[in-house]
Asks: 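Here it is, the structure, as structure tokens.
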Amino acid sequence: MILRLAFIGFGNVGQEFARLLLMKRKWLVSSKGVDIEVRAISTRSRGTLLSNRGLDLERVLEELKANGDLRQYGSESVDLTPLEMLDKCGADIMVELSPLNVDSGQPAVEHVSFALQSKMHVITANKGPIAFAYDRLEALAKSRNVKMRFEGTVMDGTPVFNLVEKTLQGCEILRMEGILNSTSNFVLTEMFRGRDLTDAVKEARSKGIAEADASLDLEGWDAAVKITALANVLMEAGTTPNKVDRSGIMGVKPADIDHAKEKGKRLKLVARADRTDTGVRTSVCVEEVGCESQFWSVEGTSSALILSTDLMGDITLIESNPAITQTAYAVLSDLLSIVEWMRTDGS
Ligand SMILES: NC(=O)c1ccc[n+]([C@@H]2O[C@H](COP(=O)([O-])OP(=O)(O)OC[C@H]3O[C@@H](n4cnc5c(N)ncnc54)[C@H](OP(=O)(O)O)[C@@H]3O)[C@@H](O)[C@H]2O)c1
């Protein structure tokens, strides 16, 4: 089977996923009977490529490394908007890896919607579509008999959505709580070690952990979008990020850290989703946790999620200090889920 891919967004995650595709190409062919052809790549400022014979991924990566731009690639360089590109590329799967917009999820929601409407499967690591428009997009995917997968939106490649869908069938998720934002957790960990907030944020930026606009992390937006995505998919919450009762770590003072320390506690930014009589309540706020908490030893850029279920009790997932490869792996695992679905239910 040949699967034709189109990318919208080709930054850190897109390029790492391309490297994974090159690395796993032989395995994909020999073990899964799947070969990949990349038909199109769209970026905001580095050009757009379109080829109905398939692009040479190695050359694309070299071009980006050498020139930081795709316009010199050759006659495949075109002047098209992402939707025009999708319309012309004839891809089977659209991979959406543009940046998160916390106000509306756009334009990623539109990209996903257009692809599904055009009967393309969708893989996205962008949380926006899942946090702002999950129900509508999922219904659209079903109506067009295609799949929308998004494992990389929360905890990178750690199986969260796949775990529940594939191995917890019949379990109801009653509650979720998690440490979901790496930057905040890194900054709180460093403050506990005696550094001030500004200094710790600077280091998070220099390590490439923080979003370009670090306020998205520090004001709790990133965690709010993630808990919304989780609640929408796993608890049928039908909610949006602006309904999250949200506060970030910007107001945390060294005195707060010292006060927690005196009581033998640590501060963590905890995201929650709870069922109530009126629906699912979501929140993100700084909490003191003691050594009895599963979150106590989740330090630095690590993240964690506790799923409370009716039949399996509590299940805790911990991701230790992830790198970009984990997110790229999420995209690969989504691709393999689509292949499996095409061979079983999707025909
Ligand atoms: N990085 C991670 O560890 C990680 C982990 C989990 C999830 N994610 C999510 O994965 C997505 C991609 O992350 P990333 O780190 O790869 O981001 P990135 O490095 O900033 O790359 C974003 C890409 O999207 C392109 N782009 C921006 N606006 C666009 C638009 N309107 N239309 C088409 N393309 C557009 C950019 O073009 P230019 O190159 O021209 O700017 C760039 O190629 C984000 O939604 C992020 O939240 C990232």
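Ligands are counted one by one from 1 in listed order, and the atoms in each one are counted from 1 as well. Just so it is clear, the values below take in all heavy atoms, side chains as well, and ignore hydrogens, waters and symmetry mates.
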Asks: Do Glu138 and Lys142 meet the salt-bridge criterion of a basic N to acidic O distance under 4.0 Å?
Replies: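 Yes, this pair counts.
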Asks: Would you say Trp221 and Val187 are hydrophobically clustered, going by side-chain heavy atoms of ILVMFWY under 4.5 Å?
Replies: no
Asks: Do Arg272 and Val284 come within less than 4.5 Å of each other through their side chains, counting heavy atoms only?
Replies: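 Arg272 vs Val284: side chains apart.
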Asks: Under 4.0 Å between a Lys/Arg side-chain N and an Asp/Glu carboxylate O for Glu165 and Arg149?
Replies: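 Salt bridge present between Glu165 and Arg149.
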Asks: Does ligand 1 have any N/O atom under 3.5 Å from a protein N/O, and what are those pairs and their distances?
Replies:
{"residue": "ligand 1", "atom": "15 (O)", "partner": "Asn12", "partner atom": "ND2", "Å": "3.4"}
{"residue": "ligand 1", "atom": "16 (O)", "partner": "Asn12", "partner atom": "N", "Å": "3.1"}
{"residue": "ligand 1", "atom": "16 (O)", "partner": "Val13", "partner atom": "N", "Å": "2.8"}
{"residue": "ligand 1", "atom": "19 (O)", "partner": "Asn12", "partner atom": "N", "Å": "2.9"}
{"residue": "ligand 1", "atom": "19 (O)", "partner": "Asn12", "partner atom": "ND2", "Å": "3.0"}
{"residue": "ligand 1", "atom": "37 (O)", "partner": "Arg44", "partner atom": "N", "Å": "3.0"}
{"residue": "ligand 1", "atom": "39 (O)", "partner": "Arg46", "partner atom": "NE", "Å": "2.6"}
{"residue": "ligand 1", "atom": "40 (O)", "partner": "Arg44", "partner atom": "N", "Å": "3.3"}
{"residue": "ligand 1", "atom": "40 (O)", "partner": "Ser45", "partner atom": "N", "Å": "2.5"}
{"residue": "ligand 1", "atom": "40 (O)", "partner": "Ser45", "partner atom": "OG", "Å": "2.6"}
{"residue": "ligand 1", "atom": "40 (O)", "partner": "Arg46", "partner atom": "N", "Å": "3.4"}
{"residue": "ligand 1", "atom": "41 (O)", "partner": "Arg44", "partner atom": "NH2", "Å": "3.0"}
{"residue": "ligand 1", "atom": "43 (O)", "partner": "Phe10", "partner atom": "N", "Å": "2.9"}
{"residue": "ligand 1", "atom": "43 (O)", "partner": "Gly11", "partner atom": "N", "Å": "3.4"}
{"residue": "ligand 1", "atom": "45 (O)", "partner": "Ser98", "partner atom": "O", "Å": "2.7"}
{"residue": "ligand 1", "atom": "47 (O)", "partner": "Lys127", "partner atom": "NZ", "Å": "3.3"}

Asks: A side-chain contact here means heavy atoms from C-beta on lying under 4.5 Å apart; do Ile8 and Val95 qualify?
Replies: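 They are not in side-chain contact.
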Asks: Following the transitive rule for hydrophobic clusters with a side-chain heavy-atom cut-off under 4.5 Å over Ile, Leu, Val, Met, Phe, Trp and Tyr, establish whether Trp296 and Ile257 coincide in one cluster.
Replies: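 In one cluster with Trp296: Ile257, no.
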